[in-house]
Structure formats: C-alpha cells, structure tokens
There are 2 protein chains.
Amino acid sequence: MDSAEDSPATAEAARHASAREARAAAVLEDYVELIEDLLATTGEARPTDIARRIGVSHATAIKAIARLKREGLAHSRPYRGVFLTEAGQALAAKLRARHRLVVDLLLALGVPPEVAEHDAEGIEHHVSEASLEAFRRFLGRPTPPGPAQP
Amino acid sequence: MDSAEDSPATAEAARHASAREARAAAVLEDYVELIEDLLATTGEARPTDIARRIGVSHATAIKAIARLKREGLAHSRPYRGVFLTEAGQALAAKLRARHRLVVDLLLALGVPPEVAEHDAEGIEHHVSEASLEAFRRFLGRPTPPGPAQP
DNA sequence: CTGATATTGTAGCGAAGGCTACATTTTGCG
DNA sequence: CGCAAAATGTAGCCTTCGCTACAATATCAG
Ligand SMILES: [Mn+2]
Ligand SMILES: [Mn+2]
Ligand SMILES: [Mn+2]
Ligand SMILES: [Mn+2]
C-alpha cells in the first residue's frame with residue numbers, strides 16, 4: 001500500500017486549493033467583521049461608512065453587500081443600512097474572536113502593535129481551528145466552550 | 001493638530017488595502033516558489049508539473065507563467081520549460097526563507113506539522129518583515145545578514 | 001520512421017472584485 | 001417648503017484567475 005500519506009504532490013495541491021478558498025472568503029469575512037463592528041458601536045452600518053473603512057469605492061462596497069445578501073449573511077433595503085442575519089452574526093462573532101486571537105499572538109511574540117494589527121488583517125483568514133487552538137494554549141487561555149447547548 | 005495618528009478609519013483602510021495587495025501577489029509568489037523548487041530538485045520546471053503541484057489546470061498555469069514573464073520574474077521559450085530571471089531567483093530565495101520561518105514558528109507554537117504546512121501556505125503572504133524579525137527572535141535565531149555585499 | 005501519447009499552447013467563457021461616471025433618492029437646512 | 005448636498009444605487013469597464021475545449025508540437029515505442 002502506498003496511499004497512507006497520499007502522493008505528496010496531491011497533498012501540496014490540496015493545500016494550495018485550500019489557500020485559494022480562504023483567499024476568496026477573505027473579502028466577505030472582512031465585510032461581515034466590519035458591519036458587526038459598525039452596528040455594535042454606532043448602531044448602523046451604512047454603505048458609505050463601510051466603503052470608507054475598508055478603503056474601496058462605495059460602488060464596490062455595495063456590490064459586496066449584494067453578495068453578502070445572496071449568501072444569506074446580511075439583509076438590507078434600499079437606503080436603509082445593512083444588517084446581519086443570524087448566520088451573519090454567528091460568523092461575525094467567530095471572526096471577531098479569531099481576529100483578536102491572531103493579534104494577541106503576534107503581540108505576545110513581540111510584534112509591534114501597529115504591525116500586529118496590519119499583518120493580522122491578512123493572516124486571520126488563513127488560520128485553521130487547529131492553529132487557533134495552539135495559539136490559545138500558547139497564550140495560556142482556556143479553550144472556549146464550543147457552541148454551547150442553550 | 002490631529003494628524004499624528006492619522007484618522008483611524010484611514011489607517012484601517014490602509015491595512016485593508018495592503019492586505020488586498022498581498023492577496024494579489026500571493027498567486028505569483030506561489031508560482032515563483034514552486035518553480036525554484038522544481039528547478040532545484042529536478043533541474044527543470046515544466047508547465048504540466050507546475051500545474052499538478054499547484055492544483056490547477058495546465059492552461060491556468062501557462063497563463064500565470066505568462067504573467068511571471070511579463071513582470072520580469074521568469075523566462076521561457078515554447079516547449080522548453082520555465083526558468084527564473086535574476087529578479088525571480090532573488091524573490092524565490094526570500095520566499096523560501098519566509099515559508100520556512102512561518103512553518104517553523106507554527107511548529108514551535110505546537111501546531112501539528114500537517115496543519116502548520118497547510119496554514120503557512122496562506123499565512124506566509126501576509127507576514128511583514130517586522131513580524132518575521134519577531135519570529136526569528138522568538139525562535140532564537142540570529143537575524144540573517146541582509147543582501148550581503150559579495 | 002511513423003504513429004500514438006504526452007505535453008504545450010490558444011481561445012473563449014464566467015465569477016470576483018476593483019474602478020469611474022452617472023442617475024436617483026434622502027436628508028437637512030435656510 | 002424647496003432645494004442643495006450627501007448618500008445610495010446602477011451601468012459599464014478592466015484585470016485576475018479559474019475552467020473546458022480544441023489545436024499544435026514533441027517524444028517515444030515499436
Ligand atoms: Mn482581514
Ligand atoms: Mn479582521
Ligand atoms: Mn503560499
Ligand atoms: Mn509557500
């Protein structure tokens with residue numbers, strides 16, 4: 001038998017494929033994260049504010065919002081601001097925790113705060129649950145309860 | 001005066017813009033890294049092998065190679081395999097070191113080897129020089145000499 | 001040497017994610 | 001109220017990066 005570790009080239013290809021998926025998801029993740037933040041801190045998430053904070057034109061932001069809606073993560077009605085669906089809120093909570101954990105890890109490793117925040121913005125989208133778990137252990141944090149049964 | 005720390009939204013937007021650039025560069029970086037590896041280990045880098053290892057169709061690989069050539073990182077002639085220019089080789093050396101450093105850091109943090117290799121494939125493209133420096137310190141490695149004058 | 005096979009290259013398509021320019025709607029104020 | 005400014009939405013356009021299908025070239029066995 002020879003398929004115990006699956007042809008190396010195949011494993012490598014799978015890693016690249018996985019990274020491509022993460023790259024594709026990164027954009028929407030950032031929008032969800034930001035919308036949650038705007039809603040939490042200001043009570044509303046308007047396309048213009050979203051665009052300004054993400055650094056794209058408002059037209060681009062509106063298209064991204066349309067995609068969020070298509071994927072069931074957000075809803076909005078014309079001129080009324082954007083809101084997160086249940087699914088969107090759940091995702092946002094996960095993303096917020098992940099973002100913080102990545103930043104905290106970088107800080108613990110001695111990365112300057114500005115740089116930590118900068119690099120985390122890209123890194124966060126590529127950190128698997130297994131790595132997050134290792135980060136928590138390293139930071140001496142208890143593993144958080146999974147989706148607790150209410 | 002109020003521009004000491006530049007409006008927070010602006011800084012945030014800049015981080016996102018930077019992450020977008022890294023995301024765009026990631027594809028070509030992976031090709032350069034792989035081509036160097038193929039050349040080093042087998043002496044030649046053929047489009048088909050590149051495609052298989054990256055996990056895309058050969059047509060996609062050939063287009064990426066065309067872009068590498070456009071950007072002055074590689075050269076090739078029909079049916080003759082791909083080679084890296086001076087610039088391509090320099091970039092490859094940097095990318096190889098970065099990839100290894102990221103993997104080693106994850107391993108040191110207790111991330112399982114398979115996962116480390118998996119996550120590093122995406123993370124590597126978003127780690128700035130300042131963070132790499134922190135990683136080296138954490139791993140107890142001497143800062144490598146910059147572009148040494150020969 | 002010749003023909004099958006593998007490799008390489010090309011053409012054309014689609015989705016994402018950018019942009020600018022223009023149209024519409026809302027808002028806020030004199 | 002009425003109207004200007006701000007916000008929102010829409011309509012193209014471009015590039016990247018995937019894909020499949022097909023064409024052309026090299027390679028290798030027999
Ligand atoms: Mn991000
Ligand atoms: Mn984030
Ligand atoms: Mn990579
Ligand atoms: Mn790599």
TODO: Answer yes or no: does a side-chain N or O of B/T60 lie under 4.0 Å from OP1 or OP2 of D/dC17?
DONE: no
Task: Residue A/R20, side-chain atoms from C-beta onward, closest of C/dA21, D/dG18, C/dT7 - done: D/dG18
Task: Donor + acceptor pair across side chains of A/H118, B/S18 (<3.5 Å) - done: yes
Open item on the list: Considering only residues two or more places apart or on different chains, which pairs with a residue in residues 97-115 of chain A satisfy salt bridge (Lys or Arg N to Asp or Glu O under 4.0 Å)?
Closed with: A/E29-A/R98, A/D104-A/R141
TODO: Fit a plane to each ring of B/F83 and B/H75, take the angle between them on a 0 to 90° scale, and name the class: parallel (under 30°), tilted (30 to 60°) or perpendicular (over 60°).
DONE: parallel
Task: Phosphate contact (D/dT8 OP1 or OP2) by A/T48 side-chain N/O below 4.0 Å - done: yes
TODO: Kindly state whether the pair B/H58 / C/dT7 counts as stacked, where counting means centroids closer than 5.5 Å and planes tilted less than 30° apart.
DONE: no
- [ ] Indicate yes or no: at least one non-hydrogen side-chain atom of B/L68 is less than 4.5 angstrom from one of B/I35.
- [x] yes
Open item on the list: Regarding A/H125 and A/E21, do their side chains bring together a donor and an acceptor under 3.5 Å, going by distance alone?
Closed with: no
Open item on the list: How close do A/S76 and A/G81 get, counting heavy atoms only, and between which atoms?
Closed with: CB-O, 3.1 Å
Open item on the list: What I want to find out is whether A/E121 reaches B/R20 closely enough, with some N-O distance under 4.0 Å, to be called a salt bridge.
Closed with: no
TODO: Could you tell me whether B/R136 and B/E129 have a side-chain N and a carboxylate O separated by less than 4.0 Å?
DONE: yes
Task: Contacting residues from residues 21-40 of chain B, given that a heavy atom lies under 4.0 angstrom of DNA chain D - done: B/A24, B/V27
Task: Residues from residues 61-83 of chain B lying under 4.0 Å of DNA chain C - heavy atoms - done: B/I62, B/K63, B/P78, B/Y79
